[in-house]
Amino acid sequence: MKIKSLVMLLGLVSFSCLGRADFYTVSDIAVQASGETPKEAKNIAIEEAERQAFSRLMRRLIGQENSFVDNLPEMSEIVSLVQDFSLKNEKNNTTEYWAKVDVRFNPVASQNFLTSKRVDYLQKEPAKLLVIPVVKNGLYWLGLEDSNVFYQLLRSRNALSDFYEMVLPVGDLDEIVAVNKMLKENNVFGLSAMLNRYDAQEILLLKAEEVGLDNWRVRGEIYREGTLVQEQTAFDWYRGYTMEEGFQKVLTQLEEQWREEQKSLPKQNMSYYARIQAPNLTQWNRDKKKIEALKFIENVVVQGVYKDQVLISFTFNLRLMTIMLRNDLDEFRYR
């Protein structure tokens with residue numbers, strides 16, 4: 001895609017949120033609290049849920065190894081960042097309350113909070129992953145079938161990751177057969193055709209191999225557009241990893257590697273603005289994927305709407321912009 005096409009395409013692009021809403025949502029926090037009255041017990045439980053949710057969100061945004069996540073701010077500050085919460089499986093008696101809580105934080109308020117504390121945070125969330133687990137059985141790799149214990153293990157989990165958004169294939173028999181055929185042929189490009197169906201951007205191919213009694217080697221390979229972009233292996237000859245431990249270790253290593261790559265990218269703090277002709281926000285939202293295809297544009301935010309115009313702000317990914325400009329110049333040179 002030519003850089004000069006950007007101006008024309010800005011008239012067709014759509015609104016893309018500054019951050020995925022679910023990245024700022026912490027789900028299924030189990031709480032139990034006691035109080036002199038049922039209402040008091042419930043309020044205490046909700047505060048505890050918000051406190052735990054804030055701690056988990058900070059670990060997502062700034063990493064596991066950061067002293068900031070261990071020093072929680074005042075409860076009033078945490079509450080000011082909460083956009084809303086929802087309750088599930090509520091139970092109570094005269095003095096106790098139990099529930100599972102989902103807490104959603106306001107992305108902009110959370111980012112402004114970290115900026116005010118001078119704490120670096122992730123400004124770009126990781127891609128949504130389509131997870132395909134395979135396990136070695138003798139000389140063969142088992143695909144998405146009942147005898148694949150790795151596939152069954154991940155299917156039994158409520159959530160695959162607290163950092164990555166992940167989804168397992170849950171298609172009909174024809175799709176499962178097709179996936180297994182592509183796995184045997186090592187056809188990653190074919191597997192990539194499934195991404196749109198699951199609204200995912202990358203494939204995480206997980207390979208588990210038992211190399212001793214309860215000792216598993218688990219390898220994770222992330223593919224984007226059919227190309228391997230990240231890989232990590234969890235294996236320990238001495239202590240050993242269970243399949244579950246190997247999976248968790250791979251996720252942690254992939255997350256750390258991804259964070260390091262983000263730190264190495266050039267920062268672009270300057271925001272640019274544009275007025276786009278759009279009859280309404282519905283049309284604007286329908287064209288969302290057109291701007292997402294312009295990978296050198298980031299952080300597109302609707303700043304306002306006036307009659308048939310939408311005011312947006314956006315930043316550039318300088319590294320991708322440089323690569324694309326170089327490709328354009330090379331093409332021009334050899335015409």
Side chain to side chain donor-acceptor pair (under 3.5 Å), paired with [X], selected from [options]:
X	options	answer
Y97	E90, K42, Q32	E90
Y24	Q83, R104, Q111	Q111
T233	E221, R219, K249	R219

[atom1] ([X]) with more than 12 external heavy atoms under 6.0 Å:
X	atom1	value
E74	CD	no
K88	NZ	yes
D84	CG	yes
R118	CZ	no

Notebook entry, point to check: Distance-only, no hydrogens or angles: does the N187 side chain make a donor-acceptor pair with backbone N or O of G190 under 3.5 Å?
Noted result: yes
Notebook entry, point to check: Do side-chain atoms of Q201 reach the backbone of K128 as a donor and acceptor pair under 3.5 angstrom?
Noted result: yes
Note to self: Once side-chain hydrogen bond (donor to acceptor under 3.5 Å, both in side chains) is applied, what residue pairs with a partner in residues 147-160 remain, sequence neighbours excluded?
What the structure shows: R157-E244
Roughly how far, to the nearest 0.5 Å, is [atom2] of [Y] from [atom1] of [X]?
X	Y	atom1	atom2	value
I62	D120	CD1	CG	9.5 Å
S161	L254	OG	CG	10.0 Å
N215	T242	CG	OG1	9.5 Å
F113	Y121	CZ	OH	12.5 Å
K100	N89	NZ	CG	6.0 Å
E255	E260	CD	CD	11.5 Å

Minimum side-chain heavy-atom gap [X]-[Y] below 4.5 Å:
X	Y	result
F247	W216	no
M194	L130	yes
V131	V167	no

Notebook entry, point to check: Would R60 count as a cation-pi partner of F163, with NZ or CZ less than 6.0 Å from the six-membered ring centre and within 45° of the ring normal?
Noted result: no
Next item on the list: State, without any angle test, whether R59 and S55 hold a side-chain donor-acceptor pair at a distance under 3.5 Å.
Entry: yes
Margin query: Under a 3.5 Å cutoff, is there a donor and acceptor pairing between the side chains of Q232 and Q257?
Written below: yes
Next item on the list: Decide salt bridge (Lys or Arg N to Asp or Glu O under 4.0 Å) for E48 and R51; before the verdict, give the C-alpha distance in whole Å, the side-chain angles of both, and the deciding distance to 0.1 Å.
Entry: CA-CA 5 Å; E48 176 59 25; R51 199 175 287 112; 2.9 Å; yes
Check: For the residue pair L183 and V134, what are the closest heavy atoms and their distance?
Finding: CD1-CG1, 3.6 Å
